[in-house]
S.K.: 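This is the structure, below, for whatever I ask next.
All values reported here derive from a predicted model rather than from experimental measurement. Order of listing sets the numbers, starting from 1, for every ligand and every atom in it.
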Amino acid sequence: MNEKIRIADLHKSFGRKAVLKGVTIDVLPGEIVCIVGKSGSGKSVIMKHLVGILRPDRGSIFVDGIDYTGADEENRRKIESQYGILFQGAALFDSMNVFDNVAFGLRRKRVGEDAVLRTVAEMLEKVGLRDVEEKMPSDLSGGMQKRVGLARSLAMDPEIMIYDEPTTGVDPITGGAVGRLIASTRETFGVTSIVVTHDMMLADRIADRIYMLNDGAIIFSGTASEFARTENPYVRQFVEGRAHGPIAVL
Ligand SMILES: Nc1ncnc2c1ncn2[C@@H]1O[C@H](COP(=O)(O)OP(=O)(O)OP(=O)(O)O)[C@@H](O)[C@H]1O
Ligand SMILES: [Mg+2]
C-alpha cells in the first residue's frame, strides 16, 4: 500500500440522514484527484473529514499509512502540518496586505524575518504575481486573491494540497487560469492534490483520476478519458451538462 491518502469506507450520518454511505478514494503520491458530484452529494462532508472538522461514524482516512481519524494528538498534528488548504473564496485576511497574508503562517512558526521576506517573494513569483505585496485583498481580482491564498499555503511547504471548489465564483477565463495553477503547483512542488469541485470542465483538464460522488457513494471513478467513454447514465448526464455551462446538474 503506497497511497499518500486513502479514504476507506467512510460513513457519516446526520440524524437519520445518511450522507456518506461507504466512500473509498485512493490518492497516489503526486497525483491530482478530483472529487466531483452535484450539489448536496457530500463533497464538502468528505473534505471536512479530510481536514478533521468532522469524525466519521465508520471508516478511516489514512495519510502515509497512518490512521488520521484514530490518531493521537501528536500524529494528527504531524499529518495536518502536511496540509495546504485553499478554501473557496481564498479566505484572506482583509485587514492585512498581500505580504502579511502570505507571511502569516511563517511568522506564526517564528521563522526569521529575512527568511519570511525571501519565501514570500518566491511564492508570489511562483503563483505568477508581481508588485502586489503592498496591495490589500480588496484591491485584487478574485483570481488574484486565489493566487495569494495559494502562495500562503505553499509558503508552509505542504505535501498535500486540498482545493475546495477552486473555480466557484470566478469567470471561465479565470477558471482556466486556476486549473493551470493547480497543475503547475503539482509540477513545481510535487504535491499530492485533492480537488473538490462540481466543475467537470476543470476535472477534465487537470485530474489524473476523477471520482464521481452521487448521493453519498462513489458511482464511477477513472481517468478523464474513461469518463468521456463510459455509458454510465449518471456520468453521461453530468459530463454532457458541460454543453449547457460549467455547472453540471444531474
Ligand atoms: N452539519 C450537517 N448537519 C446536517 N446535515 C448536513 C451537515 N453537513 C452537510 N449536511 C447534509 O449533507 C448533504 C451533503 O452536503 P455537502 O455540503 O457535502 O454537499 P456538497 O456536495 O458539498 O454540495 P455543494 O456542491 O452544494 O457544495 C446535504 O444534504 C447536507 O444538507
Ligand atoms: Mg460543498
S.K.: Can you see whether Gln237 engages Lys38 through a side-chain donor-acceptor pair at a distance of less than 3.5 angstrom?
M.R.: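 There is no such pair between these side chains.
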S.K.: Do Phe227 and Phe220 make the cut of ring centroids closer than 6.0 angstrom?
M.R.: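 Centroid distance Phe227-Phe220: below 6.0 Å, so yes.
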S.K.: Pick one: which of Ile53, Ile46, Val51, Val45 meets side chain to side chain contact (heavy atoms under 4.5 Å, CB included) with His49?
M.R.: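 The single option meeting the side chain to side chain contact (heavy atoms under 4.5 Å, CB included) with His49 is Val45.
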S.K.: Please check if the number of heavy atoms outside Glu187 that lie under 6.0 Å from its CD is greater than 12.
M.R.: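 Enclosed.
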S.K.: In ligand 1, which numbered atoms sit nearer than 4.0 Å to a non-hydrogen atom of His198?
M.R.: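 In order of numbering, the contacting atoms are 25 (O).
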S.K.: Can you tell me if Glu125 has over 12 outside heavy atoms packed within less than 6.0 Å of its CD?
M.R.: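 Counting neighbours around CD of Glu125, 12 or fewer heavy atoms of other residues, nucleotides or ligands fall under 6.0 Å, so no.
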S.K.: At a 4.0 Å cut-off, with the gap strictly under it, does some heavy atom of Lys17 reach an atom of ligand 1?
M.R.: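 Flag set, Lys17 near ligand 1.
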S.K.: Please report whether ligand 1 has a polar contact with Gly40, defined as an N or O pair separated by less than 3.5 Å (distance criterion only).
M.R.: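 Yes, there is a polar N/O contact under 3.5 Å.
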S.K.: Starting from atom 26 (O) of ligand 1, find the nearest protein heavy-atom neighbour and note its residue, name and distance.
M.R.: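 Minimum-distance protein heavy atom for atom 26 (O) of ligand 1 reads Ser39 OG, 2.5 Å.
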S.K.: For the residue pair Asp67 / Thr69, report whether a side-chain donor-acceptor contact shorter than 3.5 Å exists.
M.R.: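 Present: a donor and an acceptor within the cut-off.
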S.K.: Could you check atom 27 (O) of ligand 1 against the protein and tell me its nearest heavy-atom contact, residue, atom and distance included?
M.R.: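 So the nearest neighbour among protein heavy atoms is Ser44 OG, 3.9 Å.
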S.K.: Show, in sequence, the C-alpha distance, side-chain angles and deciding distance for Asp208 and Arg186, and conclude whether the salt bridge (Lys or Arg N to Asp or Glu O under 4.0 Å) test is met.
M.R.: CA-CA 11 Å; Asp208 296 309; Arg186 186 260 298 268; 2.9 Å; yes
S.K.: Restricting to N/O/S atoms, is Met47 within less than 2.8 Å of the Mg ion (ligand 2) or not?
M.R.: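 Met47 does not place any N, O or S atom closer than 2.8 Å to the Mg ion (ligand 2).
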S.K.: What protein heavy atom sits nearest atom 15 (O) of ligand 1, and how far off is it?
M.R.: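 Atom 15 (O) of ligand 1 sits closest to the protein heavy atom Val45 CG2, 4.0 Å.
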S.K.: Please confirm whether Gly42 approaches ligand 1 to less than 4.0 Å, judged on its heavy atoms.
M.R.: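 Yes, that is the case, since the closest heavy atom of the residue is under 4.0 Å from the ligand.
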S.K.: I'd like to know if atom 31 (O) of ligand 1 has any protein heavy atom within a distance of less than 4.0 Å.
M.R.: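 Looking at atom 31 (O) of ligand 1, one finds that no protein heavy atom lies closer than 4.0 Å.
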S.K.: Please state which part of Lys38 comes within less than 4.0 Å of ligand 1, counting heavy atoms only: side chain, backbone, both or neither.
M.R.: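 For Lys38, only backbone atoms sit under 4.0 Å from ligand 1.
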S.K.: Apply side chain to side chain contact (heavy atoms under 4.5 Å, CB included) to residues Glu159 and Lys4 and explain how you reach the verdict.
M.R.: CA-CA 9 Å; Glu159 290 187 30; Lys4 182 72 187 170; 2.6 Å; yes
S.K.: Which residue holds the protein heavy atom closest to atom 7 (C) of ligand 1, what is that atom called, and what is the gap in Å?
M.R.: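 For this ligand atom, the closest protein heavy atom is Phe14 CE1, 3.4 Å.
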S.K.: With a heavy-atom distance limit of 4.0 Å, tell me whether Val19 approaches ligand 1 through its side chain, its backbone, both, or neither.
M.R.: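 It is the side chain that touches ligand 1; the backbone stays farther off.
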S.K.: Residue-level breakdown please: for Lys43 versus ligand 1, do any non-hydrogen atoms fall below 4.0 Å on the side chain, on the backbone, on both, or on neither?
M.R.: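 Both the backbone and the side chain of Lys43 come within reach of ligand 1.
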S.K.: Answer yes or no: does atom CD of Glu113 have more than 12 heavy-atom neighbours from other residues, nucleotides or ligands under 6.0 Å?
M.R.: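 For Glu113, atom CD is crowded (more than 12 foreign heavy atoms under 6.0 Å).
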